[in-house]
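Structure record follows, encoded as structure tokens.
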Amino acid sequence: MLSKAEIEQFCEALHEVHPDPKCELIWHTPWELIMAIILSAQSTDKNVNRVTPELFKGVPTPKKAVELGEDGVRPFVKSVNYFNNKTRSIVALAQKLLDEYNGEMPTDFDTLVTLPGIGRKTASVFLNVAYHKPYIGVDTHVFRLAHRLKLCTGKTPAEVQEKLEKIIPEKYKTGFALALVLLGRYICQARKPKCGECPLYTICQADEKEKK
DNA sequence: CTCCCGATAT
DNA sequence: ATATCAGGAG
């Protein structure tokens with residue numbers, strides 16, 4: 001496991017590589033963002049961005065989602081995996097927003113995770129991306145890199161999130177998850193990580209590394 | 001724990 | 001053919 005000083009060094013190096021990391025999902029409103037994040041479960045951002053232009057046009061508000069119902073919304077997300085679950089989540093979420101939240105997305109974590117289709121990761125990403133709040137959502141990339149790079153251990157994403165939010169210095173916390181996802185997506189991939197192209201190679205503590 | 005379940009890379 | 005992609009619900 002990395003020492004406190006090594007964590008600091010890692011954060012600084014990651015920050016230099018991605019000074020202002022941005023979410024690659026396309027969105028314009030909180031409603032659009034939450035739909036995009038729901039669709040992004042076990043899917044590439046690229047695949048999500050392919051369907052969202054039509055989705056945003058056809059389902060621009062929670063009100064419209066409820067009017068269309070599941071059968072009306074499903075065609076817009078048909079080419080994304082788990083489309084039945086995701087369609088159900090979008091319509092149920094819209095209904096609850098209309099019933100209890102004046103048709104608008106709440107902005108606190110504890111409320112968000114009570115909503116249909118929204119768990120810890122989705123809530124964290126929503127608050128981090130939309131409002132730059134210091135949440136570290138633990139998706140497949142963050143979970144993998146946290147262990148591979150020896151940032152911390154943890155059997156569940158919730159455990160890893162709790163530890164990361166404790167050990168990552170405040171200064172780096174807001175950009176951390178996004179930067180780590182970008183590193184994991186394009187360099188430190190699950191299969192065949194591109195160590196030869198990695199800007200963090202010299203400080204990387206992974207057990208197995210390609211030679212550079 | 002299982003189920004959901006399309007597109008893409010290897 | 002199999003692994004992987006910003007997971008959540010039951």
Side-chain angles (χ1 to χ4, degrees), chain A residues 14 18 21-27 30 32-55 70 73-97 105 109-149 151 154-162 164-165 168 173-195 197 210:
Chain A
L14 184 62
H18 296 293
K22 54 180 177 52
C23 178
E24 296 188 331
L25 292 170
I26 295 166
W27 62 284
E32 289 187 358
L33 178 59
I34 199 61
M35 285 199 295
I37 300 173
I38 287 172
L39 292 183
S40 73
Q42 295 290 288
S43 304
T44 58
D45 282 9
K46 198 162 139 192
N47 201 14
V48 173
N49 288 336
R50 193 165 55 204
V51 307
T52 46
E54 286 303 310
L55 175 66
E70 292 183 15
V73 172
R74 191 175 300 104
F76 291 106
V77 302
K78 185 73 171 142
S79 66
V80 177
N81 69 344
Y82 307 151
F83 60 88
N84 273 316
N85 288 348
K86 291 171 179 178
T87 297
R88 223 171 289 136
S89 294
I90 287 170
V91 176
L93 170 61
Q95 183 66 252
K96 192 157 185 177
L97 292 179
M105 284 295 294
F109 185 87
D110 292 337
T111 303
L112 287 171
V113 293
T114 68
L115 302 177
I118 301 184
R120 307 180 54 87
K121 175 264 174 180
T122 300
S124 299
V125 174
F126 178 75
L127 294 175
N128 188 219
V129 170
Y131 305 106
H132 304 286
K133 295 193 181 185
Y135 288 91
I136 300 177
V138 177
D139 69 333
T140 178
H141 293 301
V142 175
F143 190 79
R144 180 181 69 253
L145 294 212
H147 290 94
R148 181 185 283 171
L149 306 182
L151 304 178
K155 290 174 188 154
T156 65
E159 193 179 339
V160 171
Q161 177 163 11
E162 190 185 343
L164 286 179
E165 288 179 356
I168 301 304
K173 215 175 270 187
T174 297
F176 188 81
L178 239 30
L180 205 59
V181 166
L182 292 176
L183 180 66
R185 183 177 300 164
Y186 297 112
I187 306 287
C188 197
Q189 303 150 329
R191 291 186 293 186
K192 294 174 58 178
K194 299 174 179 171
C195 302
E197 303 174 24
E210 291 175 2

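Remark: the separation of the P atoms in dA3(C) and dT2(B) is 16 Å, to the nearest Å. Rounded to whole Å, the P atom of dG10(C) lies 15 Å from the corresponding atom of dC5(B).
Rounded to a whole Å, the CZ atom of R120(A) is 16 Å from the C1' atom of dA9(C). Straight-line distance from the NZ atom of K192(A) to the C1' atom of dA3(C): 13 Å, rounded to whole Å. Across the protein-nucleic acid pair, N84(A) atom CG and dG10(C) atom P stand 14 Å apart, rounded to whole Å. The CZ atom of R88(A) sits 19 Å away from the P atom of dG7(C) (whole-angstrom rounding). Rounded to whole Å, atom C1' of dC5(C) lies 10 Å from atom NZ of K121(A).
Toward the 5' end of DNA chain C, the nearer of the two residues V181(A) and L115(A), judged by each one's closest nucleotide, is V181(A).
Contacts between residues 129-147 of chain A and DNA chain C, defined by a heavy-atom separation below 4.0 Å, involve D139(A), T140(A), H141(A), R144(A), listed by number. Within residues 38-54 of chain A, the residues that place at least one heavy atom under 4.0 Å from DNA chain C are, in residue-number order, S40(A), A41(A), Q42(A), S43(A), T44(A), D45(A).
To the nearest 0.5 Å, the span separating CG on L39(A) from OG1 on T122(A) amounts to 10.5 Å. For the atom pair CD (Q189(A)) and SG (C195(A)), the distance works out to 10.0 Å, reported to the nearest 0.5 Å.
Paired runs in DNA chain B that reach 3 or more consecutive Watson-Crick or G-U pairs, where each pair keeps both distances under 3.5 Å, cover B:1-4 with C:7-10, B:6-10 with C:1-5.
The side chain to side chain contact (heavy atoms under 4.5 Å, CB included) check on V129(A) picks up C23(A), W27(A), L33(A), V125(A), L178(A), with sequence neighbours excluded. Residues meeting the side-chain hydrogen bond (donor to acceptor under 3.5 Å, both in side chains) test with N49(A), sequence neighbours left out: none. When the salt bridge (Lys or Arg N to Asp or Glu O under 4.0 Å) test is applied to K173(A), the partners found at least two apart in sequence or on another chain are E170(A). Qualifying side-chain hydrogen bond (donor to acceptor under 3.5 Å, both in side chains) partners for T44(A), counting only residues two or more places apart in sequence or in other chains: none. Partners of T156(A) by side-chain hydrogen bond (donor to acceptor under 3.5 Å, both in side chains), not counting sequence neighbours: none found. Taking E159(A) as the reference, nothing meets the side-chain hydrogen bond (donor to acceptor under 3.5 Å, both in side chains) condition, with sequence neighbours excluded.
Checked by atom type and distance alone, the side chain of R88(A) never pairs as donor or acceptor with a backbone atom of G117(A) at under 3.5 Å.
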Exercise. Yes or no on side-chain contact (heavy atoms from CB on, under 4.5 Å) for K22(A) and L182(A), after CA distance, side-chain angles and deciding distance?
Worked result: CA-CA 9 Å; K22(A) 54 180 177 52; L182(A) 292 176; over 6 Å; no

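Nucleic acid contact class of P157(A) (heavy atoms, under 4.0 Å, all strands): none. Counting any heavy atom pair closer than 4.0 Å across all strands shown, V80(A) reaches sugar-phosphate atoms only and no base atom.
Residue pairs meeting the salt bridge (charged side-chain N to carboxylate O under 4.0 Å, His left out) criterion with at least one partner in residues 40-53 of chain A, sequence neighbours excluded, are D45(A)-R185(A).
For the residue pair S43(A) and K86(A), the shortest heavy atom distance occurs at OG-NZ, 3.3 Å.
Scanning DNA chain B 5' to 3' for nucleotides with an atom closer than 4.0 angstrom to a non-hydrogen atom of chain A gives a first and last hit of dC4(B) to dA9(B).
Residue-environment remark: CD (E162(A)) stays at or below the threshold of 12 foreign heavy atoms within 6.0 Å.
Put simply, S89(A) has no side-chain N or O that comes within less than 4.0 Å of OP1 or OP2 on dA9(C).
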Acceptor/donor pairs from residues 132-139 of chain A side chains to any protein atom, 3.5 angstrom cut, sequence neighbours excluded:
unit_1: K133(A); atom_1: NZ; unit_2: T107(A); atom_2: O; d: 2.8
unit_1: D139(A); atom_1: OD1; unit_2: H141(A); atom_2: N; d: 3.3
unit_1: D139(A); atom_1: OD1; unit_2: V142(A); atom_2: N; d: 2.8

